[in-house]
Amino acid sequence: MKNLIKYLVIVFLLSSFTVQSVSEIVHALNTGNAALVSKFFDKTVEISLPDKSSSYSKSQAELILKDFFSTNGVTRFALIHTGDKLGSQYCIGSLQTHNGTFRTTIYLKQKGDKQVLQELKFEK
């Protein structure tokens, strides 16, 4: 019984990290704040944009994202769907910009006691 209680407490704590991480990332995307999104980046991040896709270091990825946001002029982000599988989580949303709408996919993975963003896709 003690082990079950410990397990449930751990699951609850991990799920609260997940909810907090996702809500902060959604807020950052909604405001076009690359610095806040980068707070959740893993050491390397796969970023896919309509014209390029590559794996970047945390600092490079922040610059790429900042440039993308400033070039397109973010107006809002709407979360459409979330899911999880084997310690990973994904979110799908719609990023509205002055240059059109981008289907946005976010992949997060649990590493230790925190969620890290490993992949970010923007598709026209």
Do [X] and [Y] come within less than 4.5 Å of each other through their side chains, counting heavy atoms only?
X      : Y     : value
Thr104 : Phe77 : yes
Ile80  : Ser94 : yes
Ile106 : Leu29 : yes

Do we see a donor-acceptor contact under 3.5 Å between the side chains of Gln96 and Thr75?
-> no
Just by distance, with hydrogens left out, do Glu46 and Ser53 show a side-chain donor and acceptor under 3.5 Å apart?
-> yes
Could you measure the distance from the [atom1] atom of [X] to the [atom2] atom of [Y]? Nearest 0.5 Å is fine.
X      : Y      : atom1 : atom2 : answer
Arg76  : Thr101 : CZ    : OG1   : 9.0 Å
Thr82  : Ile92  : OG1   : CD1   : 9.5 Å
Gln110 : Ser88  : CD    : OG    : 9.5 Å

Okay, side chain of Asn72, backbone of Gly100: is any donor-acceptor separation there less than 3.5 Å?
->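 Not a single qualifying donor-acceptor pair exists.
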If hydrophobic clusters are built by linking Ile, Leu, Val, Met, Phe, Trp and Tyr wherever their side-chain heavy atoms come under 4.5 Å apart, do [X] and [Y] end up in the same one?
X      : Y      : result
Leu36  : Ile47  : no
Tyr90  : Leu120 : no
Tyr107 : Val22  : no
Val74  : Ile64  : yes
Phe122 : Val37  : yes

Stepwise side-chain contact (heavy atoms from CB on, under 4.5 Å) test for Leu79 and Cys91 = CA-CA 7 Å; Leu79 189 61; Cys91 304; 3.7 Å; yes
Applying side-chain contact (heavy atoms from CB on, under 4.5 Å), run through Lys109 and Gln115 and close with a yes or a no.
-> CA-CA 6 Å; Lys109 185 168 181 132; Gln115 287 279 100; 6.0 Å; no
Where at least one partner belongs to residues 25-36, residue pairs that pass side chain to side chain donor-acceptor pair (under 3.5 Å), sequence neighbours excluded |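 Non-adjacent pairs meeting side chain to side chain donor-acceptor pair (under 3.5 Å): zero.
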Around Lys124, counting heavy atoms of other residues, nucleotides and ligands shown, do more than 12 lie under 6.0 Å from its NZ?
->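 Yes.
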Go through the steps for Leu108 and Ile25 under the test side-chain contact (heavy atoms from CB on, under 4.5 Å), then give the verdict.
-> CA-CA 11 Å; Leu108 299 139; Ile25 292 168; 3.6 Å; yes
Please tabulate, for side-chain N and O atoms in residues 38-45, each donor-acceptor pair with protein atoms closer than 3.5 Å (sequence neighbours left out).
| residue | atom | partner | partner atom | Å |
| --- | --- | --- | --- | --- |
| Ser38 | OG | Ala34 | O | 3.4 |
| Ser38 | OG | Ala35 | O | 2.7 |
| Ser38 | OG | Glu62 | OE1 | 3.2 |
| Lys39 | NZ | Glu24 | OE1 | 2.8 |
| Asp42 | OD1 | Lys111 | NZ | 3.3 |
| Asp42 | OD2 | Lys111 | NZ | 2.9 |
| Asp42 | OD2 | Gln118 | NE2 | 2.9 |

Trace of the salt bridge (Lys or Arg N to Asp or Glu O under 4.0 Å) decision for Lys121 with Glu119 | CA-CA 7 Å; Lys121 289 183 183 180; Glu119 189 174 347; 3.8 Å; yes
For the residue pair Phe68 and Phe102, is the inter-centroid distance of their aromatic rings smaller than 6.0 Å?
-> yes
